[in-house]
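Every heavy atom of this structure was used, including side-chain atoms; hydrogens, water molecules and symmetry mates were not. No experiment lies behind these values; they were computed from the predicted model shown.
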Amino acid sequence: MISRSWRSVALAVVVVALVVGIGVVASGLWSVLWGGDDARIEGLSEEVPWEQAIVVPTVAPRTTEPAEPVFDLAQHSTSDPTSRWVIVNKQHPIDKGYEPTDLVDVDGERVRAAVEPDLRAMVEAAAADGARVVVRGGYRSYTEQVGARAAVEARRGFAHAERYSARPGFSEHQTGFAVDVDSGSQPSCNLQTCFTRTPEGAWLAERAWEFGFVVRYTEQNSAVTGYAPEGWHLRWVGRELTAHLHAEGIGSLEEALGVPGGPEYVAG
């Protein structure tokens, strides 16, 4: 009886020891898995924090590129004669009584005040490159255009005049924003188709846009403007618009600003 009681006590002690051992192991594992900032995992050669043992991939925040600003082609009127973007062509006449109030003199010709700085800068830049651009014409009143048109008709005939000279009330010169220029190096090509082959004509075709001017009538845009090419006829619209035209490869103001043109005069 005593021997059997002893065995029971010994067995109970062993069971208690096993329970205590298992509890200690479980407690240690629990502290590793769920412990606080001091929990550690034992590596091969060092102890590292749990949050460092598991690499969590980081995702860079998605950035949205700002959209490029759209050039505002409606910022100036195309019908107000005082507007730098006014379109005067065979479909869009100008009132015969209109005369700008801010005309200034540049080399003996009158232009709008806004045109003067860019015109002077362009002539100087051309001269620096060996091109002698000479200002020969600027603002013309309705009455002056009557005389200019009549002279062309008398010299070259009505059909020629229709292609090269605006009827009174349809001339850009009346806005004060248009300029005719001569070649100082080859005067024989002044007002002639060969002007485009002079140093001045070539320079203007390449660089007039830098100073806010367009060569208004070219071989490429004749169907739209309604006029034969005139490499000497420049129109100032400001550097902002000419930079846009140059960057986008747009050949005429009509196309850029959505204004009809063509070779036929508006009825009436």
How would you list, by chain and number, every residue that makes a salt bridge (Lys or Arg N to Asp or Glu O under 4.0 Å) with Glu172, sequence neighbours excluded?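 Salt bridge (Lys or Arg N to Asp or Glu O under 4.0 Å) check on Glu172 returns Arg216, Arg235.
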
Can you establish whether the number of heavy atoms outside [X] located under 6.0 Å from its atom [atom1] is more than 12?
{"X": "Gln75", "atom1": "CD", "result": "yes"}
{"X": "Arg207", "atom1": "CZ", "result": "yes"}
{"X": "Glu206", "atom1": "CD", "result": "no"}

Decide whether a cation-pi geometry holds between Arg112 and Tyr139; the criteria are a distance under 6.0 Å from NZ or CZ to the six-membered ring centre and an angle within 45° of the ring axis.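 No - Arg112 does not lie over the ring of Tyr139 by the 6.0 Å and 45° rule.
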
Stepwise, does the side-chain contact (heavy atoms from CB on, under 4.5 Å) test hold for Lys90 with Tyr227? CA-CA 9 Å; Lys90 294 179 179 181; Tyr227 290 99; 3.6 Å; yes

Determine, stepwise, if the pair Glu153 / Arg149 fulfils salt bridge (Lys or Arg N to Asp or Glu O under 4.0 Å). CA-CA 6 Å; Glu153 281 195 40; Arg149 167 68 186 224; 2.9 Å; yes

Nearest non-hydrogen partners of [X] and [Y], listed with the distance:
{"X": "Ser79", "Y": "Ser77", "value": "N-OG, 3.0 Å"}
{"X": "Pro260", "Y": "Gln91", "value": "O-CB, 4.1 Å"}
{"X": "Val106", "Y": "Val135", "value": "O-CG1, 4.2 Å"}
{"X": "Ala126", "Y": "Val133", "value": "CB-CG2, 3.8 Å"}
{"X": "Tyr164", "Y": "Pro229", "value": "CE2-O, 3.7 Å"}
{"X": "Thr198", "Y": "Cys189", "value": "CG2-CB, 3.7 Å"}

Quick one, [X] and [Y] - any side-chain contact, counting heavy atoms below 4.5 Å?
{"X": "Leu103", "Y": "Val111", "answer": "no"}
{"X": "Thr82", "Y": "Phe177", "answer": "no"}
{"X": "Ile250", "Y": "His244", "answer": "yes"}
{"X": "His160", "Y": "Val152", "answer": "yes"}
{"X": "Val215", "Y": "Leu234", "answer": "yes"}
{"X": "Val179", "Y": "Val181", "answer": "yes"}
{"X": "Leu119", "Y": "Trp236", "answer": "no"}
{"X": "Leu191", "Y": "Arg136", "answer": "yes"}

About how many Å separate [atom2] of [Y] and [atom1] of [X], when rounded to the nearest 0.5 Å?
{"X": "Leu204", "Y": "Glu210", "atom1": "CG", "atom2": "CD", "result": "11.0 Å"}
{"X": "Glu230", "Y": "Gln192", "atom1": "CD", "atom2": "CD", "result": "11.0 Å"}
{"X": "Phe211", "Y": "Glu124", "atom1": "CZ", "atom2": "CD", "result": "9.5 Å"}
{"X": "Glu109", "Y": "Arg140", "atom1": "CD", "atom2": "CZ", "result": "9.0 Å"}
{"X": "Ser141", "Y": "His173", "atom1": "OG", "atom2": "NE2", "result": "12.0 Å"}

Reference residue Val88; test side-chain contact (heavy atoms from CB on, under 4.5 Å); the match among Thr78, Val259, Leu253, Thr175: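 Only match with Val88 under side-chain contact (heavy atoms from CB on, under 4.5 Å): Thr175.
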
Same cluster (ILVMFWY, side-chain, under 4.5 Å), [X] and [Y]:
{"X": "Val237", "Y": "Phe71", "answer": "yes"}
{"X": "Trp203", "Y": "Phe213", "answer": "yes"}
{"X": "Leu241", "Y": "Met122", "answer": "no"}
{"X": "Ile87", "Y": "Ile94", "answer": "no"}
{"X": "Tyr98", "Y": "Val86", "answer": "yes"}

Are side-chain N/O atoms of [X] and [Y] paired as donor and acceptor at under 3.5 Å?
{"X": "Thr225", "Y": "Glu254", "answer": "no"}
{"X": "Ser171", "Y": "Gln174", "answer": "no"}
{"X": "Ser183", "Y": "Glu200", "answer": "yes"}
{"X": "Asn190", "Y": "Trp232", "answer": "no"}

Does the [X] side chain pair with the main chain of [Y], one donor and one acceptor, at a distance under 3.5 Å?
{"X": "Gln145", "Y": "Arg167", "result": "no"}
{"X": "Asp72", "Y": "Ala74", "result": "yes"}
{"X": "Asn221", "Y": "Gly251", "result": "yes"}
{"X": "Ser165", "Y": "Glu162", "result": "no"}

Looking at the rings of Phe170 and Tyr265, which for Trp means the six-membered one, are their centres under 6.0 Å apart?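 Centroid separation for Phe170 and Tyr265: below 6.0 Å.
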
Which word best sums up how the rings of His76 and Trp85 line up, parallel for under 30°, tilted for 30 to 60°, or perpendicular for over 60°?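 Perpendicular.
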
Would you mind listing every salt bridge (Lys or Arg N to Asp or Glu O under 4.0 Å) that reaches into residues 239-251, with sequence neighbours excluded?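 Pairs touching residues 239-251 that pass the test: Asp118-Arg239.
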
